[in-house]
Visitor: 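Dropping a structure here in structure tokens format, bear with me for questions.
Below, read A as the first sequence line, B as the second, and so on, with proteins coming before strands; counting in each chain starts at 1.
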Amino acid sequence: MDFKNKDVISINDFSKEDLLHILKVARTMEGRRDTLLKGKILATLFFEPSTRTRLSFASAMEGLGGKVLGFDSAAASSFEKGETIWDTAKMVEKYCDVIVLRNPIEGSARLVAEASSKPVINAGDGANQHPTQTLLDLYTIEKVKHKLDNLHIGILGDLKYGRTVHSLTTALSHFKPVLYFIAPPALQMPQTYLDELEKKGIKFIIESNLMKVSKKLDILYVTRIQKERFPDPIEYEKYKGFYKLDTSLLSHIKKDLKIMHPLPRVDEIDRSLDETEHAVYFEQAANGIPIRKALLALVLGKAT
Amino acid sequence: MKKEVSISAIKDGTVIDHIPSNATFKVIDTLDLKGIRGIISAATNLKSKKMGKKGIIKISEKYLTQDEVNKIAIIAPDASVNIIENYNVKKKLQVSIPQTIHKAIKCSNPNCITNVEKIPGKFDVLKKDPVKVRCLYCERDMDKEDIVIL
């Protein structure tokens, strides 16, 4: 499997074998600090704020001996002067060996990949894709459950606007799960994704009451109701705080249920759950490092 | 009974037949025929055994390309397109919705990079009847009613 120079733009571009291969390479990157990527330069082009993603890419690159340059807001780039993303990509590719891009405009990562001869990794293009998040989610599930196949996975929160849950649903569909989509009807999973699951023969349940399905779950994936994705602030006010998980949940779940969250959380998960053995969201965030090390090494041709 | 000929034959050019009646004028718009010097004649609401009612457009001195034909595939999927030379059919172009569509249509997502930076769109055709496409940039799906033809 050759990932050298491959772009990482959308989870839809990856087969089950590709995904499993990336997870396998990520396992070899746990705790690794050496000079595998010495002499390589990563450009991080972040047109909108991010804490975890940008820092973990930088940490992954530097942890493997590479160098990082870039900017972390549109204001710090020539975008403010009216430069197009295409032109920015054409320029930046000359300064680096690999590009990581976050941009609120959907499809921007695909365009940058077309403009650049260097590999491009999408770190989030608006409401569309965030494939490295999905990969670290799969990695986390495999790590805490020791398998990916045949799990009962609940996905809770904003399923309508949340790109994380869309990509995760697509990725999980390779592994014969039973999926529980838990959200108020107005924030339920878009029909397009349900149609795709049906086509693939994946069993799914639509539910608005977590307690009705909580005992069946092996994984509960919680997401934030994202204010910035709502076209109407009144709609947001209606749904924020719809689900708040706390220790009262513990009597309604399997002993080995693991709770995940892509973070940042607002108030969906009470801090009282953090110390329980169910909470794996901080471990999940940490798993961004081996996944991003693996992707950087693979696309730079330094791992196979 | 004498067969009526609604619009006369052309010597050289393109004849588009079997257009759904309600799409005749849309086809003219879509093909952007404004700059053509030759005669363009169109008829609509013609009786058709196959379709009930149909439209037909004859464009003199203009040979449609496959790309142009693809543009109308979305609105007139069953149209027949004949290239005419010296009153004879020189070539028949298949109007079929291609697997991928370039340029001809516009992504309906205002936050798609193709609309923000005004670049030509690319679409995967997911389903042909009724047509459903996916933007290759923002990955949004569009049903027939959301499709905007350029």
Visitor: Heavy-atom distances under 4.5 Å only: say whether B/Asn111 touches chain A with side chain, backbone, both or neither.
Guide: both
Visitor: Do side-chain atoms of A/Asp125 reach the backbone of B/Ile113 as a donor and acceptor pair under 3.5 angstrom?
Guide: no
Visitor: Give, as side chain, backbone, both or neither, the part of B/Asn109 having an atom under 4.5 angstrom from any heavy atom of chain A.
Guide: side chain
Visitor: Is there a side-chain contact (heavy atoms from CB on, under 4.5 Å) between B/Glu139 and A/Glu106 once you walk through the steps?
Guide: CA-CA 8 Å; B/Glu139 304 190 358; A/Glu106 291 150 39; over 6 Å; no
Visitor: A/Arg110 vs B/Lys122, test: side-chain contact (heavy atoms from CB on, under 4.5 Å). Steps then yes/no.
Guide: CA-CA 11 Å; A/Arg110 184 80 68 194; B/Lys122 287 181 206 166; over 6 Å; no
Visitor: Hey, could you give me the CD/CG distance between B/Glu117 and A/Leu111, rounded to the nearest 0.5 Å?
Guide: 6.0 Å
Visitor: Counting only heavy atoms not in A/Lys200, do more than 12 sit closer than 6.0 Å to its NZ atom?
Guide: yes
Visitor: Does atom CD of B/Glu85 have more than 12 heavy-atom neighbours from other groups under 6.0 Å away?
Guide: yes
Visitor: Counting only heavy atoms from other residues, nucleotides and ligands, does the tally under 6.0 Å from NZ of A/Lys160 exceed 12?
Guide: no
Visitor: Has A/Lys16 got more than 12 heavy atoms of other residues, nucleotides or ligands less than 6.0 Å from its NZ?
Guide: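 Result for NZ/A/Lys16: enclosed.
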Visitor: Kindly check if the number of other-residue, nucleotide or ligand heavy atoms within 6.0 Å of NZ (A/Lys90) is above 12?
Guide: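 Enclosed.
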Visitor: What part of B/Ile119 lies closer than 4.5 angstrom to a heavy atom of chain A: side chain, backbone, both or neither?
Guide: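 B/Ile119 touches chain A through side-chain heavy atoms alone.
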Visitor: Around atom CD1 of B/Ile39, are there more than 12 heavy atoms from other residues, nucleotides or ligands closer than 6.0 Å?
Guide: no
Visitor: Measuring from atom OG1 of A/Thr192 to atom CZ of B/Arg140, what distance do you get when rounded to the nearest 0.5 angstrom?
Guide: 9.5 Å
